[in-house]
Every structure is written in C-alpha cells, then in structure tokens.
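None of these values were measured; they are calculated from a predicted model.
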Amino acid sequence: MKYIKNIFLGLLIFAAGIFMSCEFEENGISLSVKEPEYTEIDGDFQECNDERLWTILIYMAADNNLESAAIEDLCELEASKINSNKVSIFVLIDRNQNYDTSNDNWTGCRLYKLSSGNAAGSKSIKSTEISCEKIGLIAGQNTELDMSSTYVLSGSLDFVMSRYPAQNYGLIVWGHGTGWRSQNLIEEYDEGLFKGFCSDASSDCIMTLYQFSDALKTGLGEKKLNFLGFDTCYGGEIEILYQLRDSASFIAGSEGLIAFSGWDYKYLFDYFEEEGLYSSHSLAKATVEQFKEKYTYTSRASIIVSDQSYVSDYVDSFNKLTDFCAKKISNLQIHKDVFDILYSGNPCPTEKYTYGKENYDVYLDISSMAENLNAYFSTNDNLSENDKSELKFLYENFLELDKKIFLESWASDREKGGAGVYFSTLSSNGLLSLTHPSAYICDSTYYQIDFVKDCKGYVPLKETGESLLDKLFYTQF
C-alpha cells in the first residue's frame, strides 16, 4: 500500500509541475495562475505558500439564537478586500435549525476557506467548504459537532495551523460569552442564562474558561497565537486575559455587552488590508477601529486589545493595591464608603457592566475601580503618612502598567476602554448577591482559573480571609 501511495503522490507532484504555471485568457488578457503547492505531512497534505503572512480561524459557535448573525458575518467576511494569498481565513460555523433558513438551510457544522471580494450585501455563502477529518468533518456531508467541545476547538485550530502554515496565527471566538464563569451549565437557555463560551444548543453545553484555556494549549502545541479576539460579550475581563497569558501575544475583547450583530468584519479586514502592514499591531488597530465605527453612538460600548506581555505584572499590581485597601477597611463607616464608591453609591463613580437581570454577573472596570480606591484612601484621615506614601507607590505602579497593557482601546462614553473584573452576581429584585460562586473562592474547587488562585488580595478565600471581597462581603464590623 505504501508503494502504491508513493506512486500516486509522484503522479500528483508531476501533475502539479505541469500545471504550476498555466496561462488563461480573460477579456483578451493572458493571466498566469499559480496552483497551490503541497507537501505531505502526517499522511495528509500541507498547502505551502511563501506569501501567506497570516492564518486565522474564526470559531463561530452559532448553534443558538445567533445563527442569522453568523451568516451575516460570514458574508461580511466574503465582501472584504483582504488578500487571501497573504491572509488565509477559515470559518468553522455550526448552525441551528430554528433561526435562519438561508443558503438552502443546511444544518450541522461546516469549515470554510474564505473567498473574499464578493458583492457587499450578499446573503449567499460563496466560500469553499473543506474537510477536516481531525474533527470528523467531510465536505458535502451534514455533520453535527458540539462547538463547546474542547476537542473541536483544539482539533480545528491545530488543523488550520499545521495545514496552512504562516508567519502569524490568529483565532477569533464568535458567539455568546459570559466572562470568567466556570460553570458547565445552561439554565433557561432561551433567556440566555448560560455561563461560559461557545454555547451549543444541540448539546446543551458551554465551554468554561478553564476548558477553553486547556483546548488552546492542546491545539497550539509549541506555537502561540499572535492575535486572539473575542467577538462575544464580556470577552475583555482580567480573568480571561490572565488565564490565556501564555497562549496569545495580543487579546481583543469588550468588558461589557456587545450587540447581536457583533463586529463588522468587512470593515475590519478592509482596514487591515488597506494599511498593508499585516502586523499584529495593525490587526489590533483594525479591530478597535471597526468597533469604534460601528458603535460610536452606542451607550457604554468599549473594546480593548491587551498586550499580554504585561498582564502578569498588571494582575500583580492590582493584587497588591486591593490587598492594601482591604487591610484599611477597619470599621463599618469605611466599609460603607468603599461599597458606595465601587457599587452602590448614587451616583457611583466606578464603571460597572451587567445585563441587569437575576443570575447575571456584575463586572467592575479595573482602571475606574483603582482610581476611586486611591482617591478615597489617599484622603482618609485615618491613614498615616507612611500608609499614604505606600498607597501612592502602589497606585503609580498600577497606572504605569495600566498605560502599557492596552495596546489599543476605545469606549463610547469615556476616555478609553479597560478590562473588567468580576464583583458579584445579581439576585432577585436586582439586589447584589452576598455570596460568591465556589469557583471564585480561592481553593474551594479543583478546576479553578489562575486569577482566583493567584489574586488573593482581591478574591475571597476559602476560610475567613482579608481580601477586598472578603472585607466587603463576609467581614462583620
């Protein structure tokens, strides 16, 4: 069999040599067309292309009520001007049976190799469907995949990176998202009370942040993403940035809600192409610019691109600052004052983000939070001069890193966007829950995200602790 296989491979290479530089006529003009070159790897073929600068996978988890938005965004991608010789884009899209009937209403999951330059406003998918046997996809066959499966994410990512090698690699996670949550549970699905990434209605599952991180490590192997984007709600939380610190150089996301239609992919890749730099910073800038253009007049819209080389130091500085402030909450009045500046004051100076319904989480903007904590304690008469000097040092260190970590950022109603951090969850009647999920209490569960394990100046501790959230929620005065 191996001998026969080698004969076929030789014939394939010979045929490729014959057709490597074929001439065609179009409108009387002679055109040279270079066929793709292939080399065999692991019993399969790798498409070689010396021009390819980027390989990008868009992971569209649309087996839910976002199905129609996914079709629109795929068509937006096809209408972009991106040079597909230099930037190869792949879209793994899983559809639902209930929300869109276009494109022959096919069901299941498909992997497309993007064909760009199609008519703007088209509703018909023109890209080439390709097989990915690694995850069980065969072109032309209806296959249902669970997009919340770590195997599907890691397998599809490994496939496009190994079969279409490039100088840079990108991943855009598309769909629903709830931030840090580590609960593999969907409740009242139609109301959107799910916690995690990549919700899949057919399997009734989601992917937790811990699982997502694990899938990335498996899919990447020794490689690292140059760019990771979250076209989801709550994709710009510090818990996410910190968990994925070794998997990507730059991460884009929003700390609050984003609209049903998400990012504008035509604008994004048109901008990326027109700049002509094809760098990670250029892609980061294009991501923020498209978001700014689309949501300029939308209240509380924001986006950031994090330079992940600073995220560990940033979390460390936040940890030390909150630890210092927690130790200074020594009586009921200070407790009330701090709670007011962070959450319940009217008006409350700290930026917060939430969907606003029962069981939905509340996120605080870290930059705003640190600014208000510093402003309060630096003017507190109970602090000694040594304490105030230490606070000044901690806050200035935080500010320095806050300026460095956000490579690009934008917000519709303030100076710049930022990263969010989980505060608590809304209970009945819009009141704030007085307890935290066990997954957010340090050492309470096995599969904990790194932020909960490492940021002990902020997160609650299993036993009676002295962190900021301990002082605000669990300490009696």
Side-chain angles (χ1 to χ4, degrees), residues 168-171 179-180 213 224-230 234-256 272 275 277 279-292 301-325 350-351 353 363-375 378 389-422 449-451 454-459 468:
N168 301 280
Y169 297 100
L171 170 67
W180 76 273
S213 173
K224 186 175 185 176
L225 292 170
N226 300 84
F227 179 86
L228 170 59
F230 287 95
Y234 305 110
E237 315 308 335
I238 193 63
E239 295 91 344
I240 295 173
L241 304 182
Y242 188 64
Q243 185 72 22
L244 306 179
R245 61 194 179 280
D246 297 324
S247 296
S249 298
F250 300 101
I251 297 182
S254 298
E255 60 183 325
F272 187 48
E275 278 223 318
L277 302 175
S279 66
S280 298
H281 193 170
S282 179
L283 183 54
K285 187 176 180 181
T287 301
V288 171
E289 286 298 319
Q290 63 83 20
F291 199 85
K292 177 181 177 181
S302 70
I303 192 170
I304 55 97
V305 179
S306 166
D307 183 339
Q308 291 293 97
S309 63
Y310 295 107
V311 72
S312 291
D313 289 340
Y314 187 67
V315 167
D316 182 62
S317 70
F318 176 72
N319 181 51
K320 290 176 179 176
L321 180 62
T322 53
D323 182 62
F324 174 90
C325 294
T350 301
E351 294 282 344
Y353 294 88
Y363 292 93
L364 304 184
D365 177 79
I366 287 184
S367 304
S368 175
M369 180 182 185
E371 177 184 359
N372 290 307
L373 286 172
N374 175 69
S378 63
S389 177
E390 182 180 355
L391 175 60
K392 183 174 185 291
F393 172 79
L394 292 172
Y395 183 59
E396 286 180 350
N397 182 58
F398 173 85
L399 279 183
E400 182 180 353
L401 289 163
D402 193 64
K403 292 175 182 176
K404 290 179 178 178
I405 191 172
F406 301 121
L407 182 72
E408 297 282 344
S409 76
W410 173 82
S412 61
D413 49 6
R414 53 197 172 101
E415 186 178 344
K416 63 183 182 71
V421 65
Y422 173 68
I449 57 173
D450 291 346
F451 183 86
D454 297 343
C455 198
K456 296 179 181 178
Y458 178 74
V459 304
L468 184 61

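With hydrogens and angles disregarded, no donor-acceptor distance shorter than 3.5 Å links the side chain of Ser317 to the backbone of Asn397. Looking at Glu255, its side chain never comes within 3.5 Å of a backbone N or O of Gly236 through a donor-acceptor pair. Looking at Gln308, its side chain never comes within 3.5 Å of a backbone N or O of Asp246 through a donor-acceptor pair. Judged by distance alone, with hydrogens and angles left aside, the side-chain atoms of Asn372 form a donor-acceptor pair with the main-chain N or O of Ser368 at under 3.5 Å. The backbone N or O of Phe393 lies less than 3.5 Å from no partner atom in the side chain of Glu396, so there is not a single donor-acceptor pair.
With a 4.5 Å cut-off on side-chain heavy atoms, Arg414 and Asp365 count as touching.
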Go through Glu371 and Tyr395 one step at a time and tell me if the side chain to side chain contact (heavy atoms under 4.5 Å, CB included) criterion holds. CA-CA 8 Å; Glu371 177 184 359; Tyr395 183 59; 3.5 Å; yes

If you apply the rule side chain to side chain contact (heavy atoms under 4.5 Å, CB included), what do you find for Leu391 with Leu321, and how did you get there? CA-CA 7 Å; Leu391 175 60; Leu321 180 62; 3.7 Å; yes

Report the C-alpha separation of Ile238 and Phe451 in whole Å, then their side-chain angles, then the decisive distance to 0.1 Å, and conclude whether the side chain to side chain contact (heavy atoms under 4.5 Å, CB included) test is met. CA-CA 8 Å; Ile238 193 63; Phe451 183 86; 3.8 Å; yes

Under the side chain to side chain contact (heavy atoms under 4.5 Å, CB included) rule, what do Lys392 and Ser378 come out as? Steps first, then yes or no, please. CA-CA 8 Å; Lys392 183 174 185 291; Ser378 63; over 6 Å; no

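Considering all non-hydrogen atoms of both residues, Ser367 and Asp402 come closest at OG-OD1, 2.8 Å. When all heavy atoms are compared, the tightest approach of Tyr363 to Glu237 is CD2-OE1, 3.4 Å. The minimum heavy-atom distance linking Gly417 with Ile304 is given by the pair C-CG2, 3.4 Å. Closest approach of Leu225 and Gly170 over heavy atoms only: CD2-C, 4.0 Å. Of all the heavy atoms in Phe291 and Ser254, the pair that sits closest is CZ-OG, 3.6 Å. When all heavy atoms of Asn319 and Gly457 are compared, the closest pair comes out as OD1-N, 2.5 Å.
Within a 6.0 Å radius of NZ in Lys416, other residues, nucleotides and ligands contribute more than 12 heavy atoms.
Expressed to the nearest 0.5 Å, how far OG1 of Thr287 lies from CZ of Phe272 amounts to 8.5 Å. The distance from atom CG of Asp450 to atom OH of Tyr242, rounded to the nearest 0.5 Å, is 6.0 Å. The distance from atom CD1 of Ile303 to atom CZ of Phe230, rounded to the nearest 0.5 Å, is 12.0 Å. Rounding to the nearest 0.5 Å gives a distance of 10.0 Å between CG of Leu171 and CD1 of Ile251. Atom-to-atom distance recorded for Lys403:NZ and Tyr310:OH is 13.5 Å, nearest 0.5 angstrom. Considering CG of Asn226 and CG of Asn168, their distance stands at 4.0 Å, rounded to 0.5 Å.
With sequence neighbours left out, Ser409 forms a side chain to side chain donor-acceptor pair (under 3.5 Å) with no residue at all. Glu239 meets the salt bridge (Lys or Arg N to Asp or Glu O under 4.0 Å) test with no other residue; sequence neighbours excluded. Partners of Asp313 by side chain to side chain donor-acceptor pair (under 3.5 Å), not counting sequence neighbours: none found. Residues passing the salt bridge (Lys or Arg N to Asp or Glu O under 4.0 Å) test with Lys456: none are found, sequence neighbours excluded. With sequence neighbours excluded, no residue forms a side chain to side chain donor-acceptor pair (under 3.5 Å) with Ser302. The side chain to side chain donor-acceptor pair (under 3.5 Å) test applied to Ser309 returns Asp307, not counting sequence neighbours.
Between Tyr458 and Phe318, a ring centre-to-centre spacing shorter than 6.0 Å is recorded. Ring to ring, Phe398 and Tyr314 are close: their centroids are under 6.0 angstrom apart.
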